[in-house]
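Not measured: the values here are computed from a predicted model.
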Amino acid sequence: MFSRWNWVACGFYLVLNICSPDASNGLVQSCGHIIPESPVLALGSNFTALCILNESCLDFGNIYASQIIWKIKNKLVPKEQYREINRTVSSVTFNDTSSLATPLTCNILADGQIEQNIYGITVTVGLAPEKPKNLSCIVHQVSRFTYVMTCTWNPGRHTFLDTQFKLRYSWPEEDFPDCIPKDVNNSCTITDIQFFVNTEIWVEATNALGKAESDHLVIDPVDIVKPLSPQNVSVSSGVLPTVLQLSWENWISNAVMALKFNIRYRIAGDTNWMEVPSEDTASPRTSFSVQGLRPYTEYVFSIRCMKEDGEGYWSDWSEEKTGITTEDLPSKGPAIWRIIDRSHSPASWTVHLIWKALKPFEANGVILQYEVTVRDKSSLSCPVKKYNVTSTNHTLQLPEGTYEVTLIARNSVGASPPSVLLIPASNSKAPVKNLRTLPKHDKLWVGWTAPNSYVLKYVIEWCLVSSSSDCIMEWQIAQGDVQGIDLKGIKPFKCYLITVYPLYADGQGSGQSVKAYLKQDRPSKGPTVQTKKVGKAEAVLTWNHLTVEEQNGFIRNYTILYKTIDGNETVVTVDPSKTEYTLSSLTSDTLYTVRMMASTDNGSSTGPDFTFTTQKFGKGEIEAIVVPVCLAFLLIVLLGVLFCFNKRDLIKKHIWPIVPDPSKSNIAQWSPQVPAKHNFNSKDQMYPEGSFTDVSVVEIEADDKKSFSEQDLKPFDLLKKEKSTSEGHSSGIGGSSCMSSPRQSVSDSDEGETTQNTSSTVQYSTVVLNGYRDQTPLQVFSRSESTQPLLDSEERSEDHSGGAESTAQRQQYFRQNGGQDETNTDRPCFERTKQITHADEGDLVGFVQLQISGQSSQPLGLGMEKNTQEAALSSVLQTCTEGQTVRPETVEENPLSVDEMPKSYLPQTVRQGGYMPQ
Amino acid sequence: MAAADSPSAALRRDLCSRGIRLAGKMRADVVDLLDAYVEQQGLDASASVEAVEGVPLAAVERWDEQTGTQRLLENLAAYRAFRALLAQMLEEQREQLGEADAGLGRALAAVLLQVSAFAYHLEELLRLESRGTPDEEEDGPPPPPRLSLFEQKLRGLGVLRELAQWAVRSVRDLRQLAKPSPATGAAPSLAESP
């Protein structure tokens, strides 16, 4: 119990000791302290600290040195580094201070567990300053009398401590104030510098760990001066065109410092400086004449200076000043060449003289004019012609011949040496050989082998080949002893035509040309290919050459690439001179895709795809099939015709059967006047009575329309009109049909009266027919030739034109092959069977033969009262109109018959070989 | 020849050469300073000024008969006097103008430094002549009496004029010393000097 209270009291005392203010020792009465207090330690050295406890703490709190623990920044220091010196002192040792950190604290474990801080110190670790090295000084001239000396040095390694540097200098018997660097540690500037006294200069570096001093530098400041550059530099032209006079002012008097100079100069616009030899300017001066300059050239000058003996530093270059030398005679004549145009007349030349303006260093001034002198060498009597020209070309009209052209350039000082060009009548001399080119970076080298004869000069012409414009020629002259020159200004990927002419003393050689590229590229596009002709197994491809602008190099070959949709690509290489190629061994009726590639030395470009399809049949194959087929057809037709010709009788019998003439029937005999009144033609006579039963039907040719006259067609039109109001007219007696005479069907015609009479005098008879082709007629009619009226009622009914009573106007008809229309027996009509016609139903109906009796609009035919049959009827009529062949004799004969037999009725036939009047 | 090749001879030659150039520069600077001083102080450049007390006259009779040590001692005495006078002038200048004309003050300070440097050259040469330098207190000028402002200006003008003359003479003296003469380097001759 006592022990517990004792420990509690002890802890309370410790807290009070640490935290409570003390009147004598400040705010905190510590239980101990550390020695040394806030040390500055050298990095890497060893260090020992002592923690000393106060005796008072020992007595009251039972605190001893054995309970001390050391911490570095809250990190416990291993106890191996502790040492208990006595009951109040504990030490800790660090072999390397680099492991130290701030703070280093001394702590105590009260009651073995409660950690209490006793004291702490700040540890500073760093390095002593190194000896400053490489001390050097330079004296800058600031103004005419002001010099400052700036010294620099290498401060050495970083010390991690606050290190002071100071530049010190002194005379042997006089010290000067130190120069303290501002913001830096490696340089300082001294302002009160005196020349001609050896000055000792050094640097001191000082920090908490030590002091270091640089080597001492003993110099006279005048020997390390960098003077100001000369001022007020001026350039003036001298008497000579190759001299310029420079003058300037120095900032330093000779009494203080003798100077030497450097003079540099360059041509304005050039970047390369030239220097006056240094030995020429090694003595003090304020002017200098620069010689050996080019006339009429602008030069830029600059000067610098330094101490004459070479001690110290060169000043900066002065500001640049320019000057122009005076003019001099042109040093050489202009290079001259000519272009001869013989296009107008072979005997008269248009000579374009062209020359190059002299370069500035050749012109030596402003060229005022050129003097051109032309002398005809072929005629000594011709006077020399002189021309003054200000441009660089001149055009002359000269007759063909040999001329000597002399050119002089003139400036304000005088004339140049003459340039002579011989224009011979012909370029008959030997040309250069082995003309070749070679690209050299941005230049194109042109080389040749000289002819055997001595050559004065060579003229090299070149021009950019263009498809859209003329070749604009450039030229250059090379001396006769060279065999190659570099052409400048050549553009890459452009084709140049280069021609070299050798000029001899007595003539000119013919030009040799070569095309060249400075640099080649792949063509800018490929050729556009298309087919010229496509066959079954081959296709002719054509294309146009690429323009020279598109080529970008020499086209070495064309490549044709073609393939089917699913096939492999086939490649064909074609000579670049070709513009056409035939692809062979193609598959017929196949879609091909073809494209073309143009290749230079540097690559290829492909043109657009083109597709074509090979043909299914080859040339002549179709003809080989069609011609035999046609021949066979013709042969068959011919045989058919021959067969028909041979069998014409049989065919005629089947197609145009002989229709018996009713007039020759037996019943006609009881009509006494008939035989005498009827005028039968010979044809009618041909039919014996025995063939009376035969009925022939004629097929109407559709194309015979034209054979009808207008008059013939008119009644049918009227009939069509009438059809709208009267339908179902039955045919007349004797198998009347649509080919019935119009006279019987038109009531208002000129013959209307006759027709009316006829209708009013219908002859009634009974026709007895034999069976046609062994067929038994279904009904037998007897025909009466009597002109007497029948019953009164019948006459009355006839008086009602268009009467509706069919029974009053009784019609009779023939039915061929025994028609089945039993129900219409009251309306007899004639109807053809389908066996006869090849036409369709319409045509079939067309064979419904109508006979309109007089003015009666009584419906006729096969009971066609229904309106639906009106169209058919109209069609019939139309068909009949178009198809029937009117026999004029029949039309003409009827009036005569009427006149002779006004009250007789004769069935009419309008079809030749068809329905014949009986 | 052996003496000429010795380090002391080379040092002597170097000191003489440097002293000649320093004296030349000092003369040029003093001439420039004179113009600035006359203009700044409002004096007449042609004004005659009596000899400055405490400064040996540059003009001397039988100059060519003087020994080297004698020349050095006279030069040293003169330049020590100039150093004191210039320092006094600089102090008076600062008292009168403050920092208003720092240029003139800097020029005076520069000339003062040159005078000090030249005096150092002379002391070194005397040391090479195996002759100790006299104490400055012994040969120094007496303290100047209290003068009026105008008198101070006139005295300053006189100091600068005399310094300019001394600079010329010093160049001649050092050139004479630089000449390889048996008499100049002989200790007895120095001993004979007053």
Review point. After noting the C-alpha distance and the side-chain angles of B:L113 and A:F195, does the key distance pass the side-chain contact (heavy atoms from CB on, under 4.5 Å) rule?
Key: CA-CA 10 Å; B:L113 272 178; A:F195 293 154; over 6 Å; no
What are the atom names and distances for all donor-acceptor pairs below 3.5 Å between chain B and chain A?
| unit_1 | atom_1 | unit_2 | atom_2 | d |
| --- | --- | --- | --- | --- |
| B:R18 | NH1 | A:D220 | OD2 | 2.3 |
| B:A110 | O | A:Q194 | NE2 | 3.4 |
| B:Q114 | NE2 | A:Q194 | OE1 | 3.4 |
| B:H121 | NE2 | A:F196 | O | 2.4 |
| B:R127 | NH2 | A:E173 | OE2 | 2.8 |

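Contacts between B:A28 and chain A at a heavy-atom distance below 4.5 Å involve the side chain alone, from C-beta outward.
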